[in-house]
Amino acid sequence: MKYSDLVEVYEKIESTSKRLEKTFYISELLKKTNEEDISTIILLLRGQLYPDWDKRKIGVASKLVLKAINTASGAGISRIEQLWKEIGDLGLVSEEVIGTKSQATLFSTSLSVAKVFSNLRKLNDMEGMGSVDRKTQLIAELLSSAKPKEAKYIIRTVLEDLRVGIGDGALRDSIVWAYLPIEVNYDPEKISIDVDREEFNKVVGLVQSAYDKSNDFATVALAAIKGEKELGNINLVPGNPIKVMLAQKVATMDEGFEKVGVPAVLEYKYDGFRVQIHKFNNQIKILTRRLEDVTGQFPEVAKYVLKNVEGKNFIIDCEAVGYDPKTKKYMVFQHISQRIRRKYNIEELAKKLPVELNVFDVLYYDGETMLNKTLEERRILLEKIIKEDEFKIILSKKIVTSDKAEATAFYNESVKKGNEGVMLKNLKAPYKPGSRAGSWIKLKSYMDTLDLVVVGAEWGEGKRSGWLTSFTLACVNENGEFLEIGKVGTGVKEKPEEGLSFGELTELLKPHFKQEKGREVTIKPEIVLEIQFEEIQASPTYSSGYALRFPRVKTLRDDRSPDDACTLERIQEEFYKQKKS
Ligand code: ATP
């Protein structure tokens, strides 16, 4: 397929915020895509080079991109830099300079999606001496054959900043529209569809379930072409990260019971960080909530799992909780978060800040997916395969009850032990990856916080110059777009020994700078902060339509990816809840 066909679709998708319209454009593209190009198209549509479970990044700096544009267009670096300052987007800059380059070199060959994909993939594989020059050449080669609009999207993809706004829902539904034998009549005037709802929901459920297990839309699309049976054959693969199941929030025990039904499972809600642990080929892989591989950072955990969990291949879901090795008191997340990032002196830090693994679920066991088994059955399996060893690996503390008084006593006991509250879970529910379905509920003892993404910042002045001191926060909408919701500076410390400091945060954000204008910096959404606040207010100032009253940084959430950030939907819900109360 020609790259220009994909670019045409990017343009259409970018021009609308309506999910149905986006779905229509994508499905039309998929229908005319040859089978050998499907994986590539599915990935490139969202600016990806790897499936969702594969966290490799392109990691090319803006400087290198400037050089590539210069090599391909002949435009001087200073002119390109000037345009970048004016326009603020290297994609648009390359569109402009490629559009004005000399006619002689114009469009010598037409670019294929396969060629674009192949060059971009090579960028990631390259390291060491001479790699900068070779990377520049790979990008420049694409730009030399690109039409202006193509150049814009190549550069945005290289910089991992495609921004056309395709959420999981739109991609999933386009696979249904394109490949499954169901009649979907799309009305472009009304932007609505006419379908047999029951049949449609069934097929969507099938595709969603295949995606839940593979975490890869390309695999799903290729199976969908072959039909429903092939979709049903998709299974979890130990070693391939899978999205974890999430919980809804309630304010009272009654509400919790109402949502999950009785009898309900109640478990301590530990204040650590989520880890998904895979065993395959006699090897352990430990992943955070953002599906980042942290096996190397937690050698002791890998040892406990190998020793205390029976089985050849499995995927278990756990919360790792830090404790003080002397007093054996549990510590809140902030204290152990440094273990996630630490790349040196790991053994030493493991002794200073050990973690206990609290296992609460099993997704796969010795060749069999456990997702569709009930929680009750999964727990029975866990109890069989795990040999508990306190302060190393234990099962989450739980009760099964229909009695509110018993549940409340359990909640009080949990909070007294320093936990966040309790989880209420439906005894008969399956495990739904990536879903915030109502079968898991959290009931917390204190005011809730929001996980928000930093998308901008401002350099400080006076004794704070050299640090970023004000951070623009954003939530994420259903199209995966980041919408601003306010600024925060409070809560970040001047002295590193007091907690997350301006210096540390500045260093973490620097590699993700998109552009600087005076004191303002725009930043690629990468870093997630946990924010306390007093109230959510409606606000025309920010693109989300909301603002936070008295926001304060609680901690850095380096176990969370920007896609895990608080959704606009949740902000809206909280806002209406507040209004009601
Ligand atoms: P929170 O900030 O409250 O942790 P979240 O958005 O990170 O919310 P939720 O799915 O809403 O995640 O809340 C569940 C989280 O609580 C899990 O991701 C997990 O890290 C943690 N947790 C602690 N104990 C348990 C448990 N027994 N069962 C499931 N999750 C638990």
Side-chain angles (χ1 to χ4, degrees), residues 242-251 256 259-260 264-277 286-292 294 316-322 330-334 336-337 340 355-363 375 378-379 382 386 393-400 407 410-411 413-415 417-427 429 431-453 475-476 528-533 554-567 569-571 573-574:
I242 171 169
K243 294 198 175 101
V244 291
M245 182 159 168
L246 302 169
Q248 289 181 7
K249 194 185 87 175
V250 292
K259 289 236 173 188
V260 301
V265 179
L266 272 86
E267 294 173 11
Y268 283 178
K269 186 179 191 306
Y270 301 98
D271 187 10
F273 61 97
R274 187 94 175 245
V275 280
Q276 176 183 129
I277 304 184
I286 306 173
L287 305 161
T288 61
R289 164 89 172 264
R290 67 183 297 170
L291 304 183
E292 204 168 357
V294 289
I316 53 175
D317 198 356
C318 332
E319 185 85 351
V321 188
Y330 291 109
M331 296 191 206
V332 291
F333 172 77
Q334 281 104 305
I336 45 157
S337 67
I340 297 173
V355 296
E356 178 181 59
L357 202 61
N358 294 269
V359 188
F360 53 79
D361 223 315
V362 50
L363 284 60
L375 172 60
R378 301 197 304 273
R379 177 78 191 202
L382 276 183
I386 292 182
I393 177 169
I394 57 170
L395 287 155
S396 61
K397 177 101 194 277
K398 71 133 213 259
I399 57 167
V400 179
F410 184 74
Y411 169 89
E413 172 192 300
S414 176
V415 172
K417 291 203 168 147
N419 298 311
E420 282 189 318
V422 290
M423 301 288 298
L424 286 101
K425 298 179 180 176
N426 180 321
L427 195 60
Y431 188 101
K432 286 213 167 290
S435 149
R436 210 176 273 281
S439 44
W440 280 19
I441 299 294
K442 54 182 171 181
L443 178 61
K444 289 198 192 184
S445 58
Y446 52 80
M447 212 182 74
D448 211 9
T449 52
L450 302 174
D451 291 336
L452 297 168
V453 189
C475 59
V476 60
V528 179
L529 297 176
E530 188 177 346
I531 304 291
Q532 294 168 324
F533 60 99
K554 183 176 171 201
T555 188
L556 170 74
R557 291 306 311 213
D558 35 11
D559 57 330
R560 304 283 152 95
S561 77
D563 306 322
D564 283 336
C566 180
T567 59
E569 201 185 347
R570 159 129 192 256
I571 302 273
E573 271 169 26
E574 295 281 334

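Only a predicted model underlies this, so the values are computations on that prediction, with no experimental measurement involved. Heavy atoms only: backbone and side chains are in, while hydrogens, waters and symmetry mates are out. Order of listing sets the numbers, starting from 1, for every ligand and every atom in it.
Taking any N or O of Asp451, backbone or side chain, none lies under 3.5 Å from an N or O belonging to ligand 1. Inclusion of Tyr268 in the set of residues having an N or O under 3.5 Å from an N or O of ligand 1 is warranted. Ligand 1 has no N or O atom lying under 3.5 Å from any N or O atom of Thr449, backbone or side chain. Residue Ser396 places no N or O, backbone or side chain, under 3.5 Å from any N or O of ligand 1. At under 3.5 Å, a nitrogen or oxygen of Glu267, whether backbone or side chain, sits near a nitrogen or oxygen of ligand 1.
Atoms of ligand 1 lying under 4.0 Å from any heavy atom of Leu246, numbered from 1 in the order shown and given with element: 10 (O). Listed by number with element, the atoms of ligand 1 under 4.0 angstrom from any heavy atom of Lys444 are 1 (P), 2 (O), 3 (O). With ligand atoms numbered from 1 in the order given, ligand 1 contributes 5 (P), 7 (O) to contacts under 4.0 Å with heavy atoms of Arg560.
Every residue two or more places apart in sequence or in another chain that forms a side-chain contact (heavy atoms from CB on, under 4.5 Å) with Ser414 is listed here: Tyr268, Asn419, Val422. The side-chain contact (heavy atoms from CB on, under 4.5 Å) test applied to Val244 returns Leu246, Arg274, Gln276, Arg289, Asp317, Tyr431, not counting sequence neighbours.
The closest approach between a heavy atom of Lys398 and any atom of ligand 1 is not below 4.0 Å. Residue-ligand proximity: Glu530 is placed with every non-hydrogen atom at 4.0 Å or more from ligand 1.
Residue nearest to atom 6 (O) of ligand 1, selected from Arg436, Met423, Lys425: Arg436 (by heavy-atom distance). Scanning Lys269, Glu420, Arg557, Lys397 for the heavy atom closest to atom 16 (O) of ligand 1 points to Lys269.
Taking a cutoff of 4.0 Å between a charged side-chain nitrogen and a carboxylate oxygen, Lys249 and Glu573 do not qualify as a salt bridge.
Remark: Arg557 qualifies as a cation-pi partner of Phe333 under the 6.0 Å distance and 45° angle criteria applied to the six-membered ring.
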